[in-house]
Amino acid sequence: MVYETEPGVRVLVHSQRPSGNPIGELILVHGLEGSSASGYARSMVHAALQRGWATHRFNMRGCGGADDLAVTGYHAGQTSDLLAFLRERRRTSSLSTSSLPIFLIGFSLGGNVTLKLAGELGESARELLSGVCAVSTPIDLAACVAALGRPQNFIYQNRFLDRLKDRIRRKNRLSPDVYTLEHLPKIKSIEEFDDHYTARLFGFGTAANYFRTQSANQYLERIRIPALLIQSKDDPMVPFPVFEHPAFESNPCLTLLAVEHGGHLGFLSRGKARFWLDGTVLDWAEGNIKRPKHVS
């Protein structure tokens, strides 16, 4: 389904409901150049539906084959579209006889968006959400982009770069006055891409300023709802030292679940379920079900 989040901007959301009455709603936010079709999102939805959750796979601006729904694209700190959809879900849920709890689940870059939104909302998040979960999240964008630039991570960086450059080419065909191709041949890293495109298109000026202002680590202390962060210590894209942040000691709303192995969005299970992540997140959400206040 397509939702208008602001004048001239629409996003694509894939929603599914369980066979019976849902116990709550999950809004899933994908990672960099991912979509509602990403494997981790589909896996989570499959598990959630079986356990009675309604699910919404939220595509960030222009994702999921929806380049034509908005002139501008998305970035790591763009929370306005997600907030607009969240408010619509809360409004719709409040019209029913029982207001359902809503949780946000963000994967990788989507986790940064999710945590940043929770921090921006502060106390008012309790009126909209029962909790947020962030998985394999680059809470320090500068440190994570630097990690991607290491020689051992060239496969990951090149894969992301290829997809980002393809997006610029598609956008150029739709809006050539906004998206130019002149910089593409010389861009060899994510930092260079963000410096030439993301920072300039969204008014951040430079990649360094974009990373500094849009990283979720600056918002962790302001989160006032249950927040679960799941992170593997061997994630090649997210250096684990970024989680040595004082907010994890001072803010009781934050829970960091750190495991030795899991890579980036891996978390493979030896059991029947492919990803132990799915059950872990759902157990946490079901343990934090609360009835949000009515919002008009």
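Just the heavy atoms: all of them, side chains too, but no hydrogens, waters or symmetry mates, feed the values below.
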Discussion item. Taking OH in Tyr156 as the centre, count heavy atoms belonging to other residues, nucleotides or ligands within less than 6.0 Å. Is the count above 12?
Written reply: no
Please determine whether a side-chain nitrogen of the Lys or Arg among Arg163 and Asp166 lies less than 4.0 Å from a carboxylate oxygen of the Asp or Glu. no
If you apply the rule salt bridge (charged side-chain N to carboxylate O under 4.0 Å, His left out), what do you find for Asp162 with Arg159, and how did you get there? CA-CA 5 Å; Asp162 288 344; Arg159 182 182 64 183; over 6 Å; no
Those residues at least two apart in sequence (or on a different chain) that pass ring pair (Phe, Tyr, Trp, His ring centres under 6.0 Å) with His30 are none
Here the gap from Thr5 atom OG1 to Leu86 atom CG, rounded to the nearest 0.5 Å, amounts to 13.0 Å
Have Glu120 and Thr79 got a donor and an acceptor in their side chains that come within less than 3.5 Å?
yes
Note to self: Using modelled atom types and a 3.5 Å cut-off, is there a donor and acceptor pairing between side-chain atoms of Asn209 and backbone atoms of Phe204?
What the structure shows: yes
| query | Would a distance-only check, ignoring hydrogens and angles, find a side-chain to backbone donor-acceptor pair under 3.5 Å from Ser175 to Asp177? | reply | no
Do you reckon Ile187 sits in the same ILVMFWY cluster as Ile155, going by side-chain contacts under 4.5 Å, direct or chained?
no
CG of Asp235 to NZ of Lys233, rounded to nearest 0.5 Å, is 13.5 Å
Within the 3.5 Å criterion, strictly below it, is a donor on Asp140 or Ser215 matched to an acceptor on the partner's side chain? no
Name each donor-acceptor pair under 3.5 Å that joins a side chain in residues 68-78 to protein atoms two or more places apart or in another chain, with its distance.
{"residue": "Thr72", "atom": "OG1", "partner": "Arg61", "partner atom": "NH1", "Å": "2.7"}
{"residue": "Tyr74", "atom": "OH", "partner": "Glu33", "partner atom": "N", "Å": "2.8"}
{"residue": "Tyr74", "atom": "OH", "partner": "Glu33", "partner atom": "OE2", "Å": "2.6"}
{"residue": "His75", "atom": "ND1", "partner": "Gly77", "partner atom": "N", "Å": "3.0"}
{"residue": "His75", "atom": "ND1", "partner": "Gln78", "partner atom": "N", "Å": "3.3"}
{"residue": "Gln78", "atom": "NE2", "partner": "Gly73", "partner atom": "O", "Å": "3.1"}

One should read off an interatomic distance between Phe58 CZ and Leu26 CG, to the nearest 0.5 angstrom, of 15.0 Å
With sequence neighbours left out, the residues meeting ring pair (Phe, Tyr, Trp, His ring centres under 6.0 Å) with Phe107 are Tyr40
- Message: Do Leu128 and Ile27 sit in one hydrophobic cluster, given that two such residues count as connected whenever their side-chain heavy atoms are within less than 4.5 Å of each other, even indirectly?
- Response: yes
What side-chain donor-acceptor pairs closer than 3.5 Å can you find for residues 6-19, not counting sequence neighbours?
{"residue": "His14", "atom": "ND1", "partner": "Ser36", "partner atom": "OG", "Å": "2.8"}
{"residue": "Ser15", "atom": "OG", "partner": "His56", "partner atom": "ND1", "Å": "2.7"}
{"residue": "Gln16", "atom": "OE1", "partner": "Arg57", "partner atom": "NH2", "Å": "3.0"}

Same hydrophobic cluster for Val2 and Leu28, using side-chain heavy-atom links shorter than 4.5 Å among ILVMFWY? no
Has the side chain of Asp67 got a donor or acceptor atom that lies under 3.5 Å from a matching backbone atom of Lys171? no
Rounded to the nearest 0.5 Å, the OG atom of Ser38 sits from the CE atom of Met44 at a distance of 12.5 Å
Would you list the atom pairs, donor with acceptor, under 3.5 Å between side chains in residues 236-250 and any protein atom, with sequence neighbours excluded?
{"residue": "His245", "atom": "ND1", "partner": "Ala247", "partner atom": "N", "Å": "3.0"}
{"residue": "His245", "atom": "NE2", "partner": "Asn217", "partner atom": "O", "Å": "3.0"}
{"residue": "Ser250", "atom": "OG", "partner": "Glu221", "partner atom": "OE1", "Å": "2.5"}
{"residue": "Ser250", "atom": "OG", "partner": "Pro246", "partner atom": "O", "Å": "3.1"}

Would you kindly confirm whether Leu32 and Leu117 end up in one hydrophobic cluster when ILVMFWY residues are joined by side chain heavy atoms under 4.5 Å apart? yes
One should read off an interatomic distance between Ile23 CD1 and Glu286 CD, to the nearest 0.5 angstrom, of 4.5 Å
*asked:* Strictly below 4.0 Å, N to O, side chains only: are Glu192 and Lys188 in salt-bridge contact?
replied: no
By ring pair (Phe, Tyr, Trp, His ring centres under 6.0 Å), Phe160 pairs with (sequence neighbours left out) none
> Can any side-chain N or O of Gln157 pair as donor or acceptor with the backbone N or O of Ile190 at less than 3.5 Å?
Replying inline: yes
OG (Ser130) and CG (Asn288) are apart, to the nearest 0.5 Å, by 8.0 Å
Using the rule that Ile, Leu, Val, Met, Phe, Trp and Tyr join whenever any side-chain heavy atoms are under 4.5 Å apart, tell me whether Leu254 and Tyr219 fall into a single cluster.
no
